[in-house]
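To keep things clear, I will list the structure first and then write my remarks on it.
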Amino acid sequence: MGSTIKQRDLPAVIKQTRQGVFVLAPNVTAPVNASVVNVGLLLGERMFRVKTEGSSTSITRELDDILDEEHRDILLTNIDILFAPEYELDVIKLLLQLGRNQRLYLPWPGELVGERLTYSEPIRFDFKEYIVKNYVDTYVVLR
């Protein structure tokens, strides 16, 4: 079950966990030793290359390859591509599946209200909503 923690408690939680998705509220920083992965840039390049070569792949497979190249603590930036409606992804679930034995830090690009995360606005076609308590090893880090 996911939970909400304060930024001051983040170091202690990191020490206790081997893996998980840490959703960072605005103005919350990831640990200094985290590798930074520009998901939009790397995934966009890979998906474009596959498309121009006429090959077939999935965004999930490509993201898995990108994460496998990195270390234990990874800060994911520019993640809007993951919310594209054509991919039909449950972003939190996907990151939990692919981030085995890794701690992924995710500056949230939407709203954080209690245990609810939203991306975009309810009237838009790309709107997504996530209830944190429905995901194991997921932590919303508040200031």
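Here the CG-CG distance, from Leu104 to Leu75, works out to 10.0 Å after rounding to the nearest 0.5 Å. A distance of 12.0 Å separates CG of Leu106 from CD1 of Ile74, quoted to the nearest 0.5 Å. Remark: Leu82 CG to Leu76 CG distance equals 8.0 Å, nearest 0.5 Å. The structure places OG1 of Thr77 at 4.0 Å from CG of Asn38, a figure rounded to the nearest 0.5 Å.
Applying the side-chain contact (heavy atoms from CB on, under 4.5 Å) test to Glu121 and every residue at least two apart in sequence or in another chain returns Ile123, Arg124. Partners of Arg116 according to the salt bridge (charged side-chain N to carboxylate O under 4.0 Å, His left out) rule, which considers only residues two or more places apart in sequence or in another chain, are Glu129. With sequence neighbours left out, Pro109 forms a side-chain contact (heavy atoms from CB on, under 4.5 Å) with Ile79, Asp80, Phe83, Tyr119. Take Asn134 and apply the side-chain hydrogen bond (donor to acceptor under 3.5 Å, both in side chains) test, not counting sequence neighbours, and it matches no residue. Take Asp73 and apply the salt bridge (charged side-chain N to carboxylate O under 4.0 Å, His left out) test, not counting sequence neighbours, and it matches Arg103.
Connection of Leu89 to Ile66 is established within a shared hydrophobic cluster, with ILVMFWY side chains joined at heavy-atom distances below 4.5 Å, either directly or through further cluster members. Cluster membership for Leu96 and Val37, using ILVMFWY side-chain heavy atoms within less than 4.5 angstrom, is shared. In the hydrophobic cluster analysis, where Ile, Leu, Val, Met, Phe, Trp and Tyr join through side-chain heavy atoms closer than 4.5 angstrom, Val141 is grouped apart from Val132. With hydrophobic clusters built from ILVMFWY side chains whose heavy atoms lie under 4.5 angstrom apart, Ile81 does not share a cluster with Tyr105.
Among residue pairs with one or both ends in residues 85-99, those qualifying as side-chain hydrogen bond (donor to acceptor under 3.5 Å, both in side chains) are Asp90-Tyr135; sequence neighbours excluded. Screening residues 106-115 for side-chain hydrogen bond (donor to acceptor under 3.5 Å, both in side chains) gives no qualifying pairs among residues at least two apart or on separate chains.
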List, one per line, each side-chain donor-acceptor pair under 3.5 Å for residues 19-36, sequence neighbours excluded.
from, atom 1, to, atom 2, distance (Å)
Gln19, OE1, Asn101, N, 2.9

Result block: side-chain N/O donor-acceptor pairs under 3.5 angstrom for residues 41-48, not counting sequence neighbours:
from, atom 1, to, atom 2, distance (Å)
Arg46, NH1, Glu62, OE1, 3.3
Arg46, NH2, Glu69, OE2, 2.8

Could you go through residues 7-15 and list every donor-acceptor pair under 3.5 Å that involves a side-chain atom there, pairing it with any protein atom two or more places apart or in another chain?
from, atom 1, to, atom 2, distance (Å)
Gln7, OE1, Arg143, NH1, 3.4

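The hydrophobic cluster analysis finds Phe127 isolated: no Ile, Leu, Val, Met, Phe, Trp or Tyr side chain comes under 4.5 Å of it, directly or through other members. Through direct or relayed side-chain contacts under 4.5 Å between Ile, Leu, Val, Met, Phe, Trp and Tyr, Val136 connects to no other residue.
Taking 4.5 Å as the limit, some side-chain heavy atom of Arg18 sits within range of a side-chain heavy atom of Arg72. At a threshold of 4.5 Å between non-hydrogen side-chain atoms, the residues Leu98 and Thr60 count as touching. Residues Leu112 and Val140 form a side-chain contact, since some pair of their non-hydrogen atoms from C-beta on lies under 4.5 Å apart.
Using a 4.0 Å cut-off between charged side-chain N and carboxylate O, Asp64 and Arg100 make a salt bridge.
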